[in-house]
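Heavy atoms only: backbone and side chains are in, while hydrogens, waters and symmetry mates are out. These numbers were taken from a predicted model, which means no experiment stands behind them. Just so you know, ligand 1 is whichever comes first in the structure, and atom 1 is the first atom listed for that ligand.
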Amino acid sequence: MYIQENVKLADLTTFGTGGIARYFVNIETQADLLEALDFAKTKNIQSFIIAGGSNIVFSDNDYDGMIIRINLKGLELVGQMLHAAAGEEWDDVVQFAVDNNLWGMENLSSIPGLTGSVAVQNVGAYGQEAANIIDTVTVYDRQTGEIKDVAKSDCSFSYRSSIFNSTERGHYIILKIIFKLSTTPAPRIDYPEVIKYFSTKQITDPSLQQIRDAIVAIRAVKFSQTTDGKAGSFFKNLYLSPAEYNKMLEIIQAKKPELVTELEVIKNKFPTHDGHIKIPTAWVIDKVCNLKGKKIGSAQISETQALAILNINHQAKSADVKTLIDLVVSSVYEYTGKKPDVEPELVGF
Ligand code: EPU
């Protein structure tokens with residue numbers, strides 16, 4: 001195991017902001033992990049765990065601790081259970097499942113990052129989410145030093161949330177996930193953009209691989225393949241109670257009456273199962289706040305997906321990114337009465 005010193009945080013994330021980390025280490029075995037944690041303890045410095053770095057925005061401040069990158073590899077099929085080490089590239093895991101005719105993760109194709117993160121934020125897209133396929137998460141317990149299995153029922157999965165990014169944040173390091181997949185076809189092709197894709201291609205009964213191809217194609221357009229730094233969606237969608245929705249409607253009626261009809265249409269486009277109303281924050285940012293394409297320094301709201309902020313040519317200052325985030329939050333609040341949650345982890349701000 002090689003501990004590097006004075007490493008650029010910007011190179012460790014897909015977004016590409018950040019100062020200098022005092023130490024950095026790449027973990028390839030469980031023994032490496034124990035050694036790295038020991039090193040940090042001996043030096044009495046903090047440590048911070050990262051994986052693919054696709055959902056993290058570092059501030060430009062330096063980090064006087066140790067960044068530990070989980071790069072554990074291993075992929076094994078046991079019947080219909082897929083065991084994937086936390087450091088496996090997520091999209092390779094999805095392709096492996098599809099190649100083995102296993103259903104359940106195909107709609108999560110083309111999502112950047114490593115496998116462990118999928119459990120942390122209960123990754124979801126196009127009608128599927130990690131919680132539906134996770135069986136067990138194997139973790140290292142930083143308090144007791146034990147390796148143990150956390151059953152799905154103990155992960156408290158909800159929209160973009162789990163114990164790993166809420167109540168137990170910092171407690172566990174994810175080593176492996178066991179996914180429960182199925183050879184029984186279970187296509188989820190009811191998401192508006194997916195319906196459109198297959199009807200254009202006149203495919204009525206798509207295969208598993210065709211569904212994966214559809215998602216890859218849809219995402220390629222939305223999350224542009226430019227060299228700009230990106231971290232996916234920067235804001236969670238709005239889940240409103242009927243009372244909160246009525247409040248939003250009143251605000252829109254008063255401030256943007258021309259959008260009332262569109263709001264009533266979009267309200268029914270993304271049904272939920274618990275009586276809440278899902279309003280895409282992208283729609284609010286784009287159509288209500290008119291912030292699509294808004295730029296502060298080299299931080300810009302994407303022209304193709306208003307939920308995404310881009311680090312143009314990797315030149316953005318983290319302070320500009322933060323100003324842009326704050327602008328979106330306050331503007332969405334002004335027109336909806338709700339502050340959207342910020343999706344990526346903001347570190348060092
Ligand atoms: N819309 C706009 N303007 C835009 C983009 C979208 O008006 O610029 C409207 C459209 O009406 C569209 C609706 O917003 O129908 C929803 O947009 P989209 O289908 O792109 O999905 P999203 O709700 O913005 C979520 C996830 C994405 C995931 C997609 C697809 C969150 C925070 N984001 O985005 O996840 O890929 O659905 O399922 O839930 C991520 O978390 O990093 C991520 C990329």
Side-chain angles (χ1 to χ4, degrees), residues 13-15 52-57 90-91 94 105-113 117-132 157-162 165 188-197 211-212 214-225 229-240 252 256 259 261-272 276-294 300-310 325 328-329 332 335-336 338-346:
T13 66
T14 56
F15 193 67
S54 57
N55 201 45
I56 292 180
V57 176
W90 171 248
D91 199 51
V94 178
M105 41 175 77
E106 57 284 355
N107 290 24
L108 306 180
S109 288
S110 231
I111 292 177
S117 322
V118 166
V120 175
Q121 50 159 336
N122 183 18
V123 163
Y126 307 102
Q128 274 180 351
E129 65 175 11
N132 298 333
F157 287 124
S158 61
Y159 173 59
R160 290 296 191 280
S161 174
S162 73
N165 67 3
R188 288 297 308 262
I189 48 174
D190 51 356
Y191 203 85
E193 284 177 288
V194 181
I195 294 172
K196 193 169 145 210
Y197 175 95
I211 296 176
R212 172 168 163 77
I215 303 295
V216 170
I218 292 167
R219 291 191 76 98
V221 177
K222 286 287 249 315
F223 297 95
S224 58
Q225 306 297 302
K230 42 191 169 301
S233 301
F234 265 66
F235 305 94
K236 292 186 188 177
N237 283 317
L238 299 174
Y239 276 79
L240 306 177
I252 299 293
K256 296 260 172 174
L259 289 176
T261 315
E262 206 177 318
L263 174 63
E264 296 277 40
V265 171
I266 208 149
K267 165 185 187 238
N268 299 317
K269 235 171 125 184
F270 301 93
T272 65
H276 278 71
I277 294 149
K278 177 176 166 180
I279 301 295
T281 305
W283 179 80
V284 179
I285 296 170
D286 179 2
K287 305 287 176 8
V288 185
C289 306
N290 279 315
L291 286 173
K292 198 168 189 169
K294 171 80 182 168
Q300 184 177 27
I301 297 178
S302 164
E303 304 269 10
T304 51
Q305 212 324 347
L307 271 194
I309 290 179
L310 303 174
I325 290 174
V328 169
V329 171
V332 171
Y335 289 106
T336 66
K338 275 281 257 199
K339 289 188 175 173
D341 291 332
V342 175
E343 229 263 294
E345 193 173 351
L346 304 185

If I take atom [atom1] from residue [X] and atom [atom2] from residue [Y], how far apart are they, to the nearest 0.5 angstrom?
X    : Y    : atom1 : atom2 : result
D286 : Q305 : CG    : CD    : 9.0 Å
E345 : N165 : CD    : CG    : 8.0 Å
I215 : D91  : CD1   : CG    : 11.5 Å
K230 : S54  : NZ    : OG    : 11.0 Å

Contact atoms of ligand 1, heavy-atom distance to [X] under 4.0 Å:
X    : result
Y159 : 31 (C), 32 (C), 39 (O)
R219 : 36 (O), 44 (C)
G232 : 42 (O)
I266 : 11 (O)
K269 : 11 (O), 15 (O)
K222 : 18 (P), 19 (O), 20 (O)
E193 : 19 (O)
K287 : 7 (O)

Among protein heavy atoms, which lies nearest [atom], and at what distance?
atom                    : value
atom 25 (C) of ligand 1 : N237 ND2, 4.1 Å
atom 12 (C) of ligand 1 : F270 CZ, 4.2 Å
atom 14 (O) of ligand 1 : P280 CB, 3.3 Å
atom 21 (O) of ligand 1 : Y191 OH, 3.6 Å
atom 3 (N) of ligand 1  : D286 OD2, 2.8 Å
atom 38 (O) of ligand 1 : Y126 N, 2.7 Å

Within-cut-off N or O pair, A306 and ligand 1, under 3.5 Å: yes
Would you say ligand 1 has an N or O under 3.5 Å from any N or O of S233? yes
So, are E303 and K292 salt-bridged, with charged N and O less than 4.0 Å apart? no
Return the minimal non-hydrogen interatomic distance between I301 and A306, and the atom names on each side. CG2-O, 3.4 Å
Heavy-atom pair of closest approach, residues V342 and I325: CG2-CG2, 3.7 Å
Quick one: salt bridge (charged side-chain N to carboxylate O under 4.0 Å, His left out) partners of K294, sequence neighbours excluded? none
Assign the ring pair Y191 / Y126 to parallel, tilted or perpendicular, where the plane angle (0 to 90°) is split at 30° and 60°. perpendicular
Using the side-chain hydrogen bond (donor to acceptor under 3.5 Å, both in side chains) rule, take E106 and Q128 through it: C-alpha gap first, then chi angles, then the decisive distance, then the call. CA-CA 8 Å; E106 57 284 355; Q128 274 180 351; 3.0 Å; yes
Heavy atom of Q121, distance to ligand 1 below 4.0 Å: no
Taking 4.0 Å as the limit for heavy-atom contacts, which would you say applies to I285 with ligand 1: side chain only, backbone only, both, or neither? neither
F235 contact mode with ligand 1 (heavy-atom cut-off under 4.0 Å): backbone
Evaluating non-hydrogen atoms only, which member of [options] is closest to [atom]?
atom                    : options                : value
atom 1 (N) of ligand 1  : A282, A125, S54, P112  : A282
atom 34 (O) of ligand 1 : V284, I279, L108, L307 : L307
atom 27 (C) of ligand 1 : E343, Q305, R160       : R160

Can you name the residues that form a side-chain contact (heavy atoms from CB on, under 4.5 Å) with P192, not counting sequence neighbours? K269, F270
Result for side chain to side chain contact (heavy atoms under 4.5 Å, CB included) between N55 and one of P112, S233, P344 points to P344
May I ask whether atom 10 (C) of ligand 1 is less than 4.0 Å from at least one protein heavy atom? no
Step-by-step side-chain contact (heavy atoms from CB on, under 4.5 Å) determination, D341 to F235: CA-CA 6 Å; D341 291 332; F235 305 94; over 6 Å; no
Establish, for the pair K256 and Y335, whether the NZ or CZ atom is under 6.0 angstrom from the six-membered ring centre and no further than 45 degrees off its axis. yes
